[in-house]
There are 2 protein chains.
Amino acid sequence: MVKKNVPKKLDLSYLESLMGYNARRAALSIIEDFNIRMVEIQLKPVEFSVLSLISRNPNISAKEICSALFILPPNIVSILKSLESRDLISRQVDEKDKRQIALSLTKNGKSLIKKAEKLAMQSDQLTTQHITPSEREQLIFLLKKIYQAAA
Amino acid sequence: MVKKNVPKKLDLSYLESLMGYNARRAALSIIEDFNIRMVEIQLKPVEFSVLSLISRNPNISAKEICSALFILPPNIVSILKSLESRDLISRQVDEKDKRQIALSLTKNGKSLIKKAEKLAMQSDQLTTQHITPSEREQLIFLLKKIYQAAA
DNA sequence: TATTGTTATACTCTATAACTATA
DNA sequence: TATAGTTATAGAGTATAACAATA
């Protein structure tokens with residue numbers, strides 16, 4: 001008789017009592033679903049966030065994106081390059097301060113972010129389907145309190 | 001980590017309505033505090049989790065750690081090597097199944113994880129000090145519901 | 001001098017294929 | 001054949017230093 005591979009019961013109680021452990025595990029499982037859903041439009045989480053931010057804040061600068069999304073300046077460069085090469089964003093040098101470059105969505109970018117935000121919202125609904133809408137609101141409220149207090 | 005200042009008023013409302021965005025931001029800010037506090041005992045989050053897991057589950061195998069903490073088998077190797085080189089864990093080949101290696105804490109490991117768990121709990125208390133104890137319980141309960149439903 | 005954007009680069013984290021030894 | 005652990009390696013993510021153009 002072949003022994004069945006039953007997963008051994010492990011004591012995870014201490015780790016599960018820590019906020020950091022639970023927040024990270026939840027974030028990873030949510031982002032995993034997000035990534036699966038975004039395969040069809042080829043957007044990574046950070047690319048999605050950047051596009052969505054530009055969409056709602058036209059003529060935003062790279063520095064402002066970095067501050068808002070906690071991206072280091074050297075790391076935004078390849079992200080913007082990639083989005084520009086896909087004709088999703090365009091850059092226009094600020095004539096008043098030629099150091100700054102105003103970013104905006106192209107027609108393609110506007111079309112894609114519209115679809116992407118729908119997919120993201122679907123993913124969000126799916127990953128939170130086991131809690132009630134009011135629990136979901138409460139959860140987001142408390143998460144914000146944690147990271148906004150740290151800022 | 002990036003400096004935290006958002007000088008200009010940017011519209012982040014859409015991203016802040018997504019669970020994934022908020023969970024990730026909260027996890028990152030909590031882990032940032034954890035890392036600062038753990039500098040003195042030189043433990044990364046994953047090393048801490050592994051030590052704590054071995055502490056509460058003596059003779060656990062590498063495979064079991066990987067399953068519990070979502071670490072891929074090739075990536076646990078260097079973690080265990082490092083912990084062993086610091087004389088924090090010891091390995092003993094299972095005589096019944098020589099493929100398996102039972103892991104346990106050394107005297108040093110037991111001493112260190114005791115201190116580490118105190119520091120981790122302090123960090124957890126600090127990062128959740130702006131919410132009430134019952135809100136904290138509710139938050140952990142809801143986060144668990146999200147990632148355990150996905151598993 | 002200070003700031004925005006950039007290059008180069010390094011270090012960490014995560015992922016895949018394939019090997020070994022044991023069963 | 002299957003499993004536990006390992007090696008090698010590649011890709012992604014994140015970090016610092018230093019530079020050019022502009023203010």
Side-chain angles (χ1 to χ4, degrees), chain A residues 1-8 24-25 27-29 31-32 34-36 38-39 42-50 54 59-84 89 91-103, chain B residues 1-3 5 7-8 24-25 27-29 31-32 34-36 38-39 42-50 54 59-85 89-103:
Chain A
M1 187 107 184
V2 181
K3 228 195 310 188
K4 203 178 169 186
N5 191 7
V6 178
K8 207 199 262 182
R24 180 152 196 275
R25 286 292 296 263
L28 287 177
S29 84
I31 290 166
E32 188 182 12
F34 177 95
N35 283 329
I36 292 168
M38 289 295 171
V39 163
Q42 291 286 97
L43 280 185
K44 289 182 260 189
V46 67
E47 293 172 329
F48 170 79
S49 298
V50 168
I54 297 174
N59 298 320
I60 191 174
S61 72
K63 184 174 182 6
E64 288 171 324
I65 293 176
C66 287
S67 298
L69 300 181
F70 283 19
I71 301 168
L72 290 168
N75 298 332
I76 196 71
V77 177
S78 63
I79 296 167
L80 294 178
K81 264 186 191 164
S82 169
L83 294 175
E84 192 180 26
I89 63 169
R91 314 155 98 119
Q92 182 156 7
V93 174
D94 184 335
E95 285 305 319
K96 292 167 193 158
D97 181 345
K98 287 179 181 169
R99 290 173 306 183
Q100 290 192 51
I101 298 169
L103 299 164
Chain B
M1 265 301 157
V2 184
K3 271 277 163 271
N5 59 330
K8 211 175 182 180
R24 180 151 196 275
R25 287 291 295 264
L28 287 177
S29 86
I31 290 166
E32 188 181 14
F34 178 96
N35 283 330
I36 291 168
M38 289 294 172
V39 164
Q42 290 286 97
L43 280 185
K44 289 181 260 187
V46 67
E47 293 172 328
F48 170 78
S49 299
V50 168
I54 297 174
N59 298 320
I60 190 173
S61 71
K63 183 173 182 11
E64 288 171 325
I65 294 177
C66 286
S67 298
L69 300 181
F70 280 51
I71 302 169
L72 290 169
N75 297 332
I76 196 73
V77 177
S78 63
I79 296 168
L80 295 178
K81 264 185 191 166
S82 170
L83 294 175
E84 191 179 27
S85 75
I89 64 169
S90 66
R91 315 156 97 118
Q92 182 156 9
V93 173
D94 184 333
E95 284 306 319
K96 291 168 196 159
D97 182 345
K98 289 179 179 168
R99 291 173 304 181
Q100 289 192 51
I101 299 170
L103 300 164

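Per chain, numbering begins at 1; letters A, B, ... match sequence-line order.
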* To do: To the nearest 0.5 angstrom, please state how far the CG atom of Asp94(A) sits from the NZ atom of Lys96(A).
  =>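 The distance works out to 6.5 Å.
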* Between atom CD of Gln100(A) and atom CD of Glu64(A), what is the distance when rounded to the nearest 0.5 Å? ->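 Output value for this atom pair is 7.0 Å.
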* To do: On DNA chain D, check which nucleotide each of Val46(A) and Arg99(A) is closest to and give me the residue with the more 5' one.
  =>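 The answer here is Val46(A).
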* Atom-to-atom span, CG of Asp97(A) to P of dT22(D) - whole angstrom ->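 Checked: the CG to P distance equals 10 Å.
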* To do: May I have the distance from Gln92(B) (atom CD) to dA4(D) (atom P), rounded to whole angstrom?
  =>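 Taking CD of Gln92(B) and P of dA4(D), I get 19 Å after rounding.
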* Just to confirm, is there a sub-4.0 Å distance from OP1 or OP2 of dG5(D) to any side-chain nitrogen or oxygen of Lys98(B)? ->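 Looking at the OP1 and OP2 atoms of dG5(D), neither is under 4.0 Å from any side-chain N or O of Lys98(B).
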Distance-only check: which donor-acceptor pairs under 3.5 Å involve side-chain atoms of residues 71-85 of chain B, not counting sequence neighbours?
from: Glu84(B); atom 1: OE1; to: Arg91(B); atom 2: NH1; distance (Å): 2.9
from: Ser85(B); atom 1: OG; to: Ser82(B); atom 2: O; distance (Å): 2.8

* Members of residues 67-82 of chain B that approach DNA chain D, where some heavy atom sits under 4.0 Å away ->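 Under 4.0 Å from DNA chain D: Pro73(B), Pro74(B), Val77(B), Lys81(B).
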* Asked: What pairs with Asn35(A) under side chain to side chain donor-acceptor pair (under 3.5 Å), at least two apart in sequence or on another chain?
  ->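 Partners of Asn35(A) under the side chain to side chain donor-acceptor pair (under 3.5 Å) test: none.
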* Using side chain to side chain donor-acceptor pair (under 3.5 Å) as the criterion, list what pairs up with Ser90(B), not counting sequence neighbours. =>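 With sequence neighbours excluded, Ser90(B) shows a side chain to side chain donor-acceptor pair (under 3.5 Å) to Ser104(B), given in chain and number order.
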* **Residue Arg24(B) excluded, over 12 heavy atoms near CZ under 6.0 Å** =>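 Atom CZ in Arg24(B) is not crowded, with 12 or fewer foreign heavy atoms closer than 6.0 Å.
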* **Closest heavy-atom pair and its distance - Ile60(B), Ile65(B)** =>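 Scanning both residues completely, I find the closest heavy atoms to be CD1-CG1, 3.7 Å.
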* Between Leu28(A) and Arg91(A), name the one whose nearest nucleotide on DNA chain C is closer to the 5' end. =>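 Per heavy-atom nearest nucleotide, the more 5' residue is Arg91(A).
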* Asked: How would you list, by chain and number, every residue that makes a side chain to side chain contact (heavy atoms under 4.5 Å, CB included) with Lys44(A), sequence neighbours excluded?
  ->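 By the side chain to side chain contact (heavy atoms under 4.5 Å, CB included) rule, Lys44(A) matches Glu47(A).
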* Taking 5' to 3' order, which nucleotide of DNA chain C is first and which is last to have an atom within less than 4.0 Å of a heavy atom in chain A? ->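 Listing 5' to 3', DNA chain C meets chain A from dA2(C) to dT14(C).
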